[in-house]
Amino acid sequence: MLDIRRIRSEAEAVARALARRGGGVDLAPLLAADARRRGLIQEVESRVADSRKRSKQIGELKRKGAPESEIEAFLAGNQRLAEEVKAREGSLAEAERAVEEMLLGIPNTPHESTPDGRTSEENVAVRTWGERPAFGFAPKAHDELGAALGILDMKRAAKIAGARFALYRGAGALLERALINFMLDLHTTEHGYTEWLPPFMVNRAAMTGTGQLPKFEQDLFRVDDGRYFLIPTAEVPLTNIHREEVLDGAELPLKYAAYTPCFRSEAGSYGQDTRGIIRVHQFNKVELVKFARPETSYAELESLTRDAEAVLQRLGLPYRVSALCAGDLGFASAKTYDLEVWLPSQEAYREISSCSNFGDFQARRAQIRFRPGPGAKPEFVHTLNGSGLAVGRTVVAILENFQREDGSVAIPGALRPYMRGLEAIRPR
RNA sequence: GGAGAGGUGGCCGAGCGGCUGAAGGCACUCGCCUGCUAAGCGAGUGAGCUGGGAGACCGGCUCCGAGGGUUCGAAUCCCUCCCUCUCCGCCA
């Protein structure tokens, strides 16, 4: 959520910043509702203050045993005030709802360092790492390898759940589990993140805090008639840990990591990535979340991105980092780096992590603040998060990059301790 | 799921519909006293939003789990919801 005061005082600049995302936003209705709201607040508050004084006087008069007639006069005046307040409170609530509703629907303004551009075509490659494998044979796609190795069974997954669900078997299940543990260990022991294991369903308030609601309900799985939602990412529970809290400035930055499954309806993605496990309704992810002081949050984004990159480096997977252009940015993000891993079967880099700085956008929605110093006024923190990494897509990358001509797949050294020393997965 | 109890300031804990932003205690701060510490004595100490002032400051509004309602006036009465605890049932 943007600061209404900022929109009020620099509407032009905000509109310009939002226009960089594409699709213009008309701020005029919002400003009008805000002006109406502020006027009504004044009208209501002056009458409330007045009526409270008079009510106190009524109490005093009664205590002193003043004559009924005197009290009656006060009562009548106050009744009129109460009616006037009531009449305005309705429109005030309406104006407040209108302002809130419009604010919740406006995306974050891109940071100045976010490059211009409308689509992913215009994202800017920042750096690449690793050697793309050179095969002396035609590399297979992960779904074909997974089926041949007997570690992925998409057919039966469809039988028990439906299209876009994965079923891992044997060494495949072990590989997925090993990756989760490897990633969590790396981030908690070497990068200083605190591990959490949060609920996989959250309430409406949590989803609103991080920005999934109210605008993107169709992307979520609803549970118990909308009382709960399955999380699309651990960002939601992790960021909401501190909803409506004032954090101690001396504790910042807070660095949290969590493994969770993620559930996405993938509405509107029909026909894309239909094979294999690249795009499924349920996948595993290790997520990193930071709560930072505003003045350090962009430095924290750089180190967060490096922390995610470290996973790919330890595994020896070639990747690219690109800065998303303004038009490709997520709703709540001010700046995002995507990590894209090389997939030989597609001869393309594909997203495996997305690291974002949300500035105070989520903090304002979720009321997450910090006290800069003793006695100082609370300010909104900056929230950040990044995948570290998407586990299913890491499996895809391992299968495709480390496949050999005989159909086997080598297990990266870093992972072997997590897989009982297994050095390769071989066809049955 | 059934029955009951309860949610008040940093903590504990009172609170007849007006004199309660909230008794009392603890904790904390400052001062006095004491060789030091403890004890004792005295004074002070909630949060958020917002307006004015250069500033030490001065005002307004909100907050007793949340949201509605009754009333001139609600921590106090009514309704709905959430959460916690106890017992029973069920259960990984």
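Within the 3.5 Å criterion, the main-chain N or O of A:A397 finds a donor-acceptor partner in the side chain of A:N401. No donor-acceptor distance shorter than 3.5 angstrom exists from the side chain of A:D360 to the backbone of A:A363, with no hydrogens or angles considered.
Residues passing the salt bridge (charged side-chain N to carboxylate O under 4.0 Å, His left out) test with A:R6: none are found, sequence neighbours excluded. Shown here are the ring pair (Phe, Tyr, Trp, His ring centres under 6.0 Å) partners of A:F200, two or more places apart in sequence or in another chain: there are none. Take A:E190 and apply the salt bridge (charged side-chain N to carboxylate O under 4.0 Å, His left out) test, not counting sequence neighbours, and it matches A:R314. A:H111 is linked by a ring pair (Phe, Tyr, Trp, His ring centres under 6.0 Å) to A:Y298, counting only residues two or more places apart in sequence or in another chain. Looking at residues two or more places apart in sequence or on another chain, you find a salt bridge (charged side-chain N to carboxylate O under 4.0 Å, His left out) between A:D225 and A:R222. Under the salt bridge (charged side-chain N to carboxylate O under 4.0 Å, His left out) criterion, A:R243 pairs with no residue, sequence neighbours left out.
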Heavy atoms under 4.0 Å is the rule here; annotate nucleotides 72-79 of chain B 5' to 3' with B where the base is hit, S where only the sugar-phosphate is, and - elsewhere.
BS------

Across nucleotides 59-66 of chain B, 5' to 3', mark each nucleotide with B, S or - according to how protein heavy atoms within less than 4.0 Å reach it.
-SSS----

In sequence, state the C-alpha distance, the side-chain angles, and the governing distance for A:F221 and A:H281, and then conclude on ring pair (Phe, Tyr, Trp, His ring centres under 6.0 Å).
CA-CA 9 Å; A:F221 284 109; A:H281 290 310; 5.6 Å; yes

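B:C19 and B:A74: their C1' atoms are spaced 16 Å apart (whole Å). Separation of the C1' atoms belonging to B:A54 and B:G42 is 36 Å when rounded to the nearest angstrom. To the nearest whole angstrom, the two P atoms, one in B:C81 and one in B:A3, are 13 Å apart. Rounded to whole Å, the separation between the P atoms of B:G55 and B:G51 comes to 14 Å. Only the C1' atoms considered, B:C64 is 15 Å distant from B:G48, to the nearest whole Å. Taking atom P in both B:U37 and B:G46, one finds a spacing of 28 Å when rounded to whole Å.
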Distance-only criterion, 3.5 Å: show the donor-acceptor pairs between side-chain atoms of residues 227-234 of chain A and protein atoms not counting sequence neighbours.
| from | atom 1 | to | atom 2 | distance (Å) |
| --- | --- | --- | --- | --- |
| A:T233 | OG1 | A:E235 | N | 3.0 |
| A:T233 | OG1 | A:K285 | NZ | 2.8 |

Under 3.5 Å, sequence neighbours excluded: what are the donor-acceptor pairs made by side chains of residues 48-58 of chain A?
| from | atom 1 | to | atom 2 | distance (Å) |
| --- | --- | --- | --- | --- |
| A:S55 | OG | A:S51 | O | 3.2 |
| A:S55 | OG | A:N78 | ND2 | 3.1 |

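Aromatic ring pairs are classed by plane angle as parallel below 30°, tilted from 30° to 60° and perpendicular above 60°; the pair A:H191 and A:Y193 is perpendicular.
The residue among A:K86 and A:V246 whose nearest nucleotide of RNA chain B is located toward the 5' end is A:V246.
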Please convert RNA chain B into dot-bracket. A pair counts if it is Watson-Crick or G-U wobble with both distances under 3.5 Å; crossing pairs go in [ ] and bases paired with another strand get |.
((((((((.[[[..)..(.....]]]((((((.......))))))(((((((....))))))).[[[[[..)....]]]]])))))))....

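Screening A:T210, A:T383, A:N240, A:N108 for a side-chain hydrogen bond (donor to acceptor under 3.5 Å, both in side chains) involving A:Q362 leaves a single residue, A:T383.
Sorted by residue number, the list of members of residues 199-215 of chain A with any non-hydrogen atom under 4.0 Å from RNA chain B is empty.
Among the heavy atoms of the strands, none lies under 4.0 Å from A:R38.
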